[in-house]
Amino acid sequence: MAMTASSMFGTRLVVAPAVSARTSTGPKEVTTCMAKKKGIRVIITIECQEARKEGGTPSRYTTEKNRKNTPDKLEMMKYNKFLRRRTLHKEIK
């Protein structure tokens, strides 16, 4: 007897063939997670701090960081196209 699976919204019912009467526990439910990363990398947004202090338009960048290597807030020198120079960008959230 082959294993049968029916999937509905990420959950499928698997019926295994019974080897003997005492080992048969019935159908098992297996849940699958779709589109879920289990890594330590996280997507962050960094924003210009100088433009925010001046009341101008802050530039924003999206990047990834490794939570294990960089547990604190990320700070980078990036280009602000509104101020037309390199400025300090800090992680927001």
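Hydrogens, waters and symmetry mates play no part in the numbers below; they use all other heavy atoms, side chains included. FYI, the numbering just counts along the sequence from 1.
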Can you confirm whether more than 12 heavy atoms, excluding those of Arg67, are under 6.0 Å from its CZ atom? yes
Heavy-atom distance under 4.5 Å between the side chains of Thr87 and Lys78, does that happen here? no
Supply the atom-to-atom distance Thr45 OG1 to Ile92 CD1, rounded to the nearest 0.5 angstrom. 5.5 Å
Consider only side-chain heavy atoms of I, L, V, M, F, W and Y, link residues closer than 4.5 Å, and tell whether Tyr79 and Ile46 are in one cluster. yes
At what distance, to the nearest 0.5 angstrom, does NZ of Lys53 lie from SG of Cys48? 9.5 Å
So, taking the atom named CZ in Arg41 and the one named OG1 in Thr70, what distance separates them when rounded to the nearest 0.5 Å? 8.5 Å
Do the non-hydrogen side-chain atoms of Glu91 and Asp72 ever get within less than 4.5 Å of each other? no
Mind checking whether Leu88 and Glu75 have side chains closer than 4.5 Å, heavy atoms only? yes
CE on Met76 to NZ on Lys65, rounded to 0.5 Å: 12.0 Å
Could you give the distance from CG (Asn80) to CZ (Arg85), rounded to the nearest 0.5 Å? 8.0 Å
Examine distances only and state if a side-chain atom of Gln49 and a backbone atom of Glu47 form a donor-acceptor pair shorter than 3.5 Å. yes
Do you reckon Ile44 sits in the same ILVMFWY cluster as Tyr61, going by side-chain contacts under 4.5 Å, direct or chained? yes
Hey, what do you get for CD (Glu50) to NE2 (His89), rounding to the nearest 0.5 Å? 9.0 Å
